Amino acid sequence: DVQLQASGGGLVQAGGSLRLSCAASGFTFEDFAIGWFRQAPGKEREGVSCIRNSDGSTYYADSVKGRFTISSDNAKNTVYLQMNSLKPEDTAVYYCAAGHQTVGLLLHPDAPYEYDYWGQGTLVTVSS
């Protein structure tokens, strides 16, 4: 069975840091891209970042560029999202998702419909 386990969320003050982890199992990790999405109350799910495990190429939403860093440990089948300089507007439930490395995902790494498997969310709360 495909499983994605997101962890690492918590409460942090503005300007602080958190590192999220997404542990994957049940599929060939190198064949997939892993994306991080977030959803704040009353808002649509937003694509935050993505990494293609075949070549390590990455995507970042403009709202997190320069503050968040995505990385992958293929030996551990785990993707990390290092979040620095956190802002109250980063508060959301963060989800990781896995998608086949299709042309569609290459063109739209922030689109939830390009991903096939989803993990449960982990809550990030940034206080002002």
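Residue numbers count from 1 along this sequence. These numbers were taken from a predicted model, which means no experiment stands behind them.
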Worksheet entry | Validation row, ring centre F68 to ring centre W36 under 6.0 Å | no

Sequence neighbours left out, what passes salt bridge (charged side-chain N to carboxylate O under 4.0 Å, His left out) with [X]? Give chain and number order.
X   : value
E89 : none
K43 : none
R67 : D90
D62 : K65

If every non-hydrogen atom of [X] is compared with every non-hydrogen atom of [Y], which pair is closest and at what distance?
X    : Y   : value
S127 : L11 : CB-CD1, 4.4 Å
C22  : I34 : SG-CG2, 4.3 Å
A97  : F37 : CB-CE1, 4.3 Å

[atom1]-[atom2] distance between [X] and [Y], expressed to the nearest 0.5 angstrom:
X   : Y    : atom1 : atom2 : answer
C50 : L106 : SG    : CG    : 9.0 Å
T28 : N74  : OG1   : CG    : 11.5 Å
Q39 : Y94  : CD    : OH    : 12.0 Å
S21 : Q82  : OG    : CD    : 9.5 Å
F32 : I51  : CZ    : CD1   : 15.5 Å
L81 : T122 : CG    : OG1   : 11.0 Å

Worksheet item: Within 45° of the axis and under 6.0 Å from the centre of the six-membered ring of Y95, does NZ or CZ of R45 qualify?
Response: yes

Does a side-chain heavy-atom distance below 4.5 Å link [X] with [Y]?
X    : Y    : result
F29  : V79  : yes
L105 : Y115 : yes
Y60  : I70  : yes
L4   : F27  : yes
V124 : L20  : yes

Are a donor atom and an acceptor atom from the side chains of [X] and [Y] found within less than 3.5 Å of each other?
X    : Y    : value
T78  : D73  : no
D1   : Q3   : no
H100 : D31  : no
Q13  : S128 : no

Discussion item. I'd like to know if V64 and V12 are part of one continuous hydrophobic network [Ile/Leu/Val/Met/Phe/Trp/Tyr, side-chain heavy atoms within less than 4.5 Å].
Written reply: yes

Fill in: Chi angles and distances behind the side-chain contact (heavy atoms from CB on, under 4.5 Å) call for S63, R38
CA-CA 12 Å; S63 57; R38 65 187 181 187; 3.5 Å; yes

Discussion item. Determine whether a donor-acceptor pair (N or O, by modelled atom type, separation under 3.5 Å) exists between the side chain of T91 and the backbone of V126.
Written reply: yes

Response to the item:
The side chain to side chain contact (heavy atoms under 4.5 Å, CB included) partners of Q101 (sequence neighbours excluded) come to A33, R52, S54

Fill in: Members besides V103 in its Ile/Leu/Val/Met/Phe/Trp/Tyr cluster (side-chain heavy atoms under 4.5 Å)
L107

